[in-house]
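First the proteins, then the strands, lettered A, B, ... as listed; each starts at 1. Reckoned from all heavy atoms, side chains included, excluding hydrogens, waters and symmetry mates.
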Amino acid sequence: MSSDSKKPSRPASPSSGGANRPQAQAAPGNSTAKETEPTAGLAPTPIWLILLFALLFYWGQLYLDNHAGGFDPQVYEPYASVKQVKAANPMSDEGAVIAKGEAVFNQMCAVCHQISGLGSAGQFPPLAGSEWVIEPNPARLIRIPLHGLTGPIRVKGQDLNLPVPMTPFGETLSNPDLAAVLTYIRQAWGHKAPPVTPAQVAKVREETASRPMSGSAPWTSDELLKIPVTQ
Amino acid sequence: MNHGPLIFLGIFLALAASWYGTVVAPLLQFGHQQQVTVGAGSTRYPAARSGQAQRGKDVYRANGCFYCHTSQVRQSGVKFDVVLVSAGTNKAGLISAALLIKPGITADEARKLIEQTPKPLLQGVTRPEADAAAKTLAIPDVKFEIILVPVGGDVERGWGSRVSVAQDYLYEQPLMLGNQRIGPDLTTIGARQRSAASHLLHLYNPQMTVKGSTMPPYRFLFEKRKAGPRPSPDALQLPAEYAVEKGFEIVPTEKAQALVAYLLSLDTQLALFEAPMPTAPKQPELGASTNQTSAAAFTNTAAANQPAPK
Amino acid sequence: MAVMFLFSSALIWLVIGIVLGLISSIKLHGPGFLSQLSWLTYGRVYPASQNAVVYGFSAQALLGIALWLIARLGRVSLQGPGMIVVGGVFWNFAIAMGLVGILTGNSTGYEWLEMPRSASSLLFFSYALIGVWALITFHMRRERQLYVSQWYLLAALLWFPWSYSTAQLLLVVSPVQGVMQAIVNGWFVHNLFEVWFSFLGLAGVFYFIPKIIGQPLHSRYLALFAFWMLAFFGSWGGVYADAPVPKWVSSLSIATRVMMLIPMLAIGLNIQSTLSAHCAILKTNMVLRFVWVGAISYLLATLLGIVGALRSVSEVTLFTLYTNAITNLQLYGFLGMVVAGGIYYIVPRLTECDWPSTGLIRFHFSTATLGVALLVLPQLIGGVLQGIKLNDPQVPFLSVVKSTIPFLGMSTLGELLLLVGNLALLVNLLKILPACCTCCLGRVSNSTPQPKAVAVGGRI
């Protein structure tokens, strides 16, 4: 108990309080060692204050969720998130193509190959890290979405056999869209392969004009491997 | 109840936590930034300062200029303009598109709108609005641009084109951001007033260049000396009513020259990823070529400066 | 006597600081005033005045009060008074060096850390001398039970050397890059005001109020709750909204700043509950009046600080007189008044003499209170108006500046009043000293073991 030691002092206090008034104090020497020192009462901290503390703490967390820009070092005051910063930046032509490609990919391809590009084991081959995707010459790569793909294929050193043939997109996607989505997968997930141009897609379309795009003639791995990619 | 050790430990923890959260974490995250390459060319940003300008910064520090001047531009938001660059051949299509994105106008007004290019079709809209307009305008051989417009009092006063960010201050040592605006912000003073002579006159007697200025004169940065047969090349060209007695002239000291070199070095704000700004920077039109004093460059009346993006 | 030495030199610095402040304040509306001399230019006089008031006056006088309280509450005599006087001499020497450094253009360029390196090292060294003996006194205490004020004091003693040395290391000795300097600087200033000064000043408030009314403090728990809240949340922050740093840094500052509402309420509640039944004493006891005004100023300054930190408010008030108003309220309203109360209370006990003139005390109280009000209120109002105009690009900058001038004039008047009031305190103190030296020297031989410092050797 904090006030025990000073109990006898209480009655003396008012007079010592009065003595502190300089004007009322005529005789010096009042401040002896026996003078009492203040003590503190034991009133509890009011519950509303603790509740308010919890509330404010919670508010603080919410505030940081909304106003900290994801703790990203590139988000400054008028912007709320990296996404907003990106949107405010003038988009380069390349950036526009990638953005379009990403949109197409998320809409058309991610169902099987996943947003992560990892596919799903034994069913849909991965794109991330796949040598088919980052091959400098896109001649083989362009053919796959044009007409689809079937049968056994070796990707990243693993053999797998596609249980269902891949859907062809030659009819649904235009040349620029195809080029954009291929460029996207060649530069996403840490890839650094050169972009695919609409002209390249158009050229492949011409070369394979005789092949139906309805899904009746998907490519096989062996067929693709015969297409030269050296030049 | 002896709480000494408890207090000691608690205090240690509390201070360590705040030190970690507010000093160490930022230091680890962005305390070691590098110069970056900006734009298409090979401009490195920020550029290092010349020796004289660096000495001028010392004068700036020694005389506590930063107690009245900030060096930091604030920005309260961003808006976008959709600017028609070329109308192309499909006029009818463009007019109907214009009617769509600007609902209130008549067909005649729309026709007028697209007559001359470049012409801003929409001004001060949000990004989604601008994107929606872009979709509508996607007509073959119609060219348009979406231009970013930073907004905020500082930007509209012409104190800068965008918010100041960490990259801008990479080489500042000491960093003197200032926290009072008793005088205007100086982030881009070198672009607002490019004439060294005007800066010198202003330092010598601010009330002479800007009537009613509350800036103290810095006469001690100047020397009054006997004029030779010909006036010294760097002597101040004082207007008649402020001229010193005949046979004397006012010459800036090395310190004044250095300070002005420093002020003139404060002229760049380049577009950065974290702080984008309009690609074609707004021209700092004032005092750019003139050698005479331009009060507006110092006082920055809004009217004299930018065409406010509204 | 170590404490007396600290008090007297602190008061001299206060007067010097206010005189310098007055000069800089006049310069704001009459730029031609004293402009011929380089060392009297605004950008040098202003930081010199701030440093004189912060390190010369507030820090020194609060340390004096702290030493007295530590000895008094621990029921021991002050240990190492000689060393403390030596520390005090060095401290004053360091400040003199620092001010000369600032006035001759050798400021470091960091707010509240402007003193050149040699001065700041000496300052740190002399703090260490004083602080170590304060800690030893604390350790030797005979009363093992800790009163609330002792918590605050102990924390404060440890807080300053840490934050000061960290800031010096990261800014002056081996400077960090670019905006990191602003962050470190902001962190230091925030800790200086919101933690260190708060702890010292509140220790005084929590001692003098119950002491004078002769009743226990309302709640120990509430006081300790406030203590930990201040320590854990007050120490964050210091980076204003819109600073050129990634947004999360300033957001973190704002969030923790808002948390300061809790200790503010806890402290206010505690003082209010302690005092509520004894308001009558306020009318008669000058010490209590001083401390009471100080406590109110503290609460107000904290509240204004919280409000000013919010993004929507800061948009207007940043870079305006509003921030000055808060600093002045903390310095002159809170610290100045608590220190004055403390001096009025402690000096008669140390010297065993009464104040020669009660009239001067009353005069000091009225001028100081009015002075603080006149200094702070116009800056608050003027600052908000200035901010609104600054944000409106249609208002030419020059007319923004002109609109602040009447407010600046009023605060110059406030500063003048503060100067007059504190001169009254100084006169009173100077009168008490010669009268007392003789009387206490006579008493030293038969004095009871007193928590006051060794009486001999008191030289001012």
Let me know if Leu252(C) has heavy atoms under 4.5 Å from chain B in its side chain, its backbone, both or neither.
side chain
Would you give the length of the straight line joining atom CZ of Arg157(B) to atom CG of Asp392(C), rounded to the nearest 0.5 angstrom?
7.0 Å
Are any non-hydrogen side-chain atoms of Tyr42(C) and Thr214(B) less than 4.5 angstrom apart?
no
Using non-hydrogen atoms and a 4.5 Å limit, figure out which bit of Val163(B) sits close to chain C: side chain, backbone, both or neither.
neither
Is there side-chain contact between Phe220(B) and Leu37(C), with heavy atoms separated by less than 4.5 Å?
no
Leu15(B) side chain near Asn191(C) side chain, heavy-atom distance below 4.5 Å
yes
Are the aromatic rings of Phe397(C) and Trp159(B) close, with centres under 6.0 Å apart?
yes
Report which part of Trp228(C) has an atom under 4.5 Å of a heavy atom belonging to chain B: side chain, backbone, both, or neither.
side chain
Can you check whether Leu398(C) reaches Val210(B) side chain to side chain, under 4.5 Å on heavy atoms?
yes
If I measure from the heavy atoms of chain B, does Phe33(C) come under 4.5 Å with its side chain, its backbone, both, or neither?
neither
Honestly, the part of Asn391(C) sitting under 4.5 Å from a heavy atom of chain B is both
Quick one: what part of Phe232(C) sits under 4.5 Å from any heavy atom of chain B, side chain, backbone, both or neither?
both
Looking only at non-hydrogen atoms, find the nearest pair between Met215(B) and Pro31(C) and report the distance.
O-CB, 3.5 Å
Leu27(B) side chain near Gln177(C) side chain, heavy-atom distance below 4.5 Å
no
